[in-house]
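Because the structure is a prediction, the values reported are computed rather than measured.
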Amino acid sequence: MDVRSPASTEPGIRREDELVLAIDIGGTKMAVGLVDWAGSLRWSSSSPTPATGDAEALWNRLVALVESVPACSPLAVGVGCGGPMEGGDAVSPLNIPGWRGFPLLSCVARHTGLPTWVDNDAKALALGEGWCGIARQSRDYLSMVVSTGVGAGIVLDGRLLDGALGNAGHIGHVVVEPEGHPCVCGGVGCLEAEASGLSIARDIGAAPETAGIEVRRRVGTLVGRAVGSVANLLDLRLATVAGSVALGFGEPFFAAAQEEIDRRSRLVFSRGCRIVAGGLGSEGPLVGAGALAWRGLGRSIGVG
């Protein structure tokens, strides 16, 4: 990647030409993109996440993606990564076992020479949805990813919740089946152990996209169960959901999820909570990572 001096210091650069480098790291794929100040994804590329326990091999795959970015002058880097976060520099994604305590922030910053911000990928998505997605008129909402794993970010009073180590909103580890499957986190019956892409593949013995309507509805019901609990806990009425499983399962998933929320969220302040498909579609993870960078630079994205 040809990283020159920041675009804002070059003569003749228009505001609409300013870009940040966005990186999304998940258990199935890694992606990089260029996001402008209005939240448009100008360019992107992706590659499968190596199925390896070798931390260096994982890092080298990410470096290769970053090096494929067209010559440009990004102002900063935003990285959305599967969690948990470890506070500050390090990440330990449950679905990327090769990275435990991996110093992702310092590695990216050192490689690019740019200001860098790293956060949980679902929290980054929440920023993106509030910036230019379906939640942009809302000050209180939950944004979820139902994909290889399950995660979420929570915005209350217009501010993204962080938590002590950066893990607020980890809805994937809300218990939805008390006598359910063991979870990779060490618990039992977590939403991620019952409704993630990996758990669906385990249950049906095939790729999640081949699942029939009963499975799609069951997954939707479990997601709705978790969302209903969060709505009751945190006084919110909107949940946006993205990720390959949720978006791929479509109407049966969302209908079942809404039915379960309507059953569970019966308080005056949570009744009427809606669950909707994320407004950013497949671009959401990279737009969210871009939002991390723009917010870090002090640009207003509508979410604090």
Side-chain angles (χ1 to χ4, degrees), residues 1-26 28-50 56-82 89 91 99 102-133 136 160 242 278-303:
M1 177 184 177
D2 179 12
V3 179
R4 299 189 292 257
S5 58
S8 59
T9 68
E10 296 180 10
I13 292 293
R14 299 172 300 173
R15 183 175 175 85
E16 57 266 32
D17 292 327
E18 293 180 335
L19 300 168
V20 294
L21 175 63
I23 299 174
D24 177 59
I25 301 169
T28 300
K29 69 178 178 68
M30 299 176 172
V32 297
L34 295 169
V35 177
D36 68 19
W37 69 277
S40 295
L41 182 61
R42 296 286 194 90
W43 174 91
S44 66
S45 181
S46 65
S47 178
T49 301
E56 185 174 358
L58 288 158
W59 170 246
N60 288 340
R61 177 66 59 86
L62 182 59
V63 167
L65 268 178
V66 171
E67 292 300 323
S68 74
V69 176
C72 60
S73 303
L75 300 175
V77 186
V79 185
C81 181
D89 193 28
V91 300
W99 279 356
F102 185 75
L104 183 61
L105 190 154
S106 59
C107 285
V108 172
R110 184 166 55 247
H111 183 77
T112 63
L114 294 170
T116 301
W117 288 270
V118 175
D119 210 333
N120 177 268
D121 54 356
K123 289 172 63 188
L125 177 66
L127 285 180
E129 288 289 354
W131 177 27
C132 53
R136 61 186 176 276
L160 180 68
L280 299 175
S282 61
E283 296 184 353
L286 285 174
V287 173
L292 285 173
W294 286 120
R295 185 182 69 159
L297 289 170
R299 299 289 180 89
S300 174
I301 63 169
V303 184

So, for [X] and [Y], which heavy atoms are closest and what is the spacing to 0.1 Å?
| X | Y | value |
| --- | --- | --- |
| Leu114 | Ala76 | CB-CA, 4.3 Å |
| Gly82 | Asn120 | C-ND2, 4.2 Å |
| Gly128 | Ala291 | N-CB, 4.2 Å |
| Ser45 | Leu65 | OG-CD2, 3.9 Å |
| Ala22 | Ala289 | CB-CB, 3.8 Å |
| Cys107 | Phe102 | SG-CZ, 4.0 Å |

For a 4.5 angstrom cut-off between non-hydrogen side-chain atoms, does [X] reach [Y]?
| X | Y | result |
| --- | --- | --- |
| Arg295 | Val303 | no |
| Leu41 | Val35 | yes |
| Asp89 | Ser106 | yes |
| Leu62 | His111 | no |
| Val20 | Arg299 | no |
| Val118 | Val108 | no |
| Leu58 | Met30 | yes |

Quick one: pull up [atom1] in [X] and [atom2] in [Y] and give me the separation to the nearest 0.5 Å.
| X | Y | atom1 | atom2 | value |
| --- | --- | --- | --- | --- |
| Leu292 | Thr116 | CG | OG1 | 11.0 Å |
| Leu280 | Arg136 | CG | CZ | 9.0 Å |
| Trp37 | Asp17 | CH2 | CG | 11.5 Å |
| Leu104 | Ile23 | CG | CD1 | 7.5 Å |
| Ser46 | Leu286 | OG | CG | 8.5 Å |
| Asp24 | Asp121 | CG | CG | 6.0 Å |

Requested in this report: Report the C-alpha separation of Trp43 and Leu19 in whole Å, then their side-chain angles, then the decisive distance to 0.1 Å, and conclude whether the side-chain contact (heavy atoms from CB on, under 4.5 Å) test is met.
Outcome: CA-CA 10 Å; Trp43 174 91; Leu19 300 168; over 6 Å; no
**Report entry** Donor-acceptor pair, side chain of Trp294 and main chain of Asp36, under 3.5 angstrom
**Finding:** yes
Query raised in the report: Is a side-chain donor or acceptor of Arg61 paired with a backbone partner of Pro48 at a separation under 3.5 angstrom?
Result: yes
Report task. For Trp117, check ring pair (Phe, Tyr, Trp, His ring centres under 6.0 Å) against everything at least two apart and list the hits. Result -> none
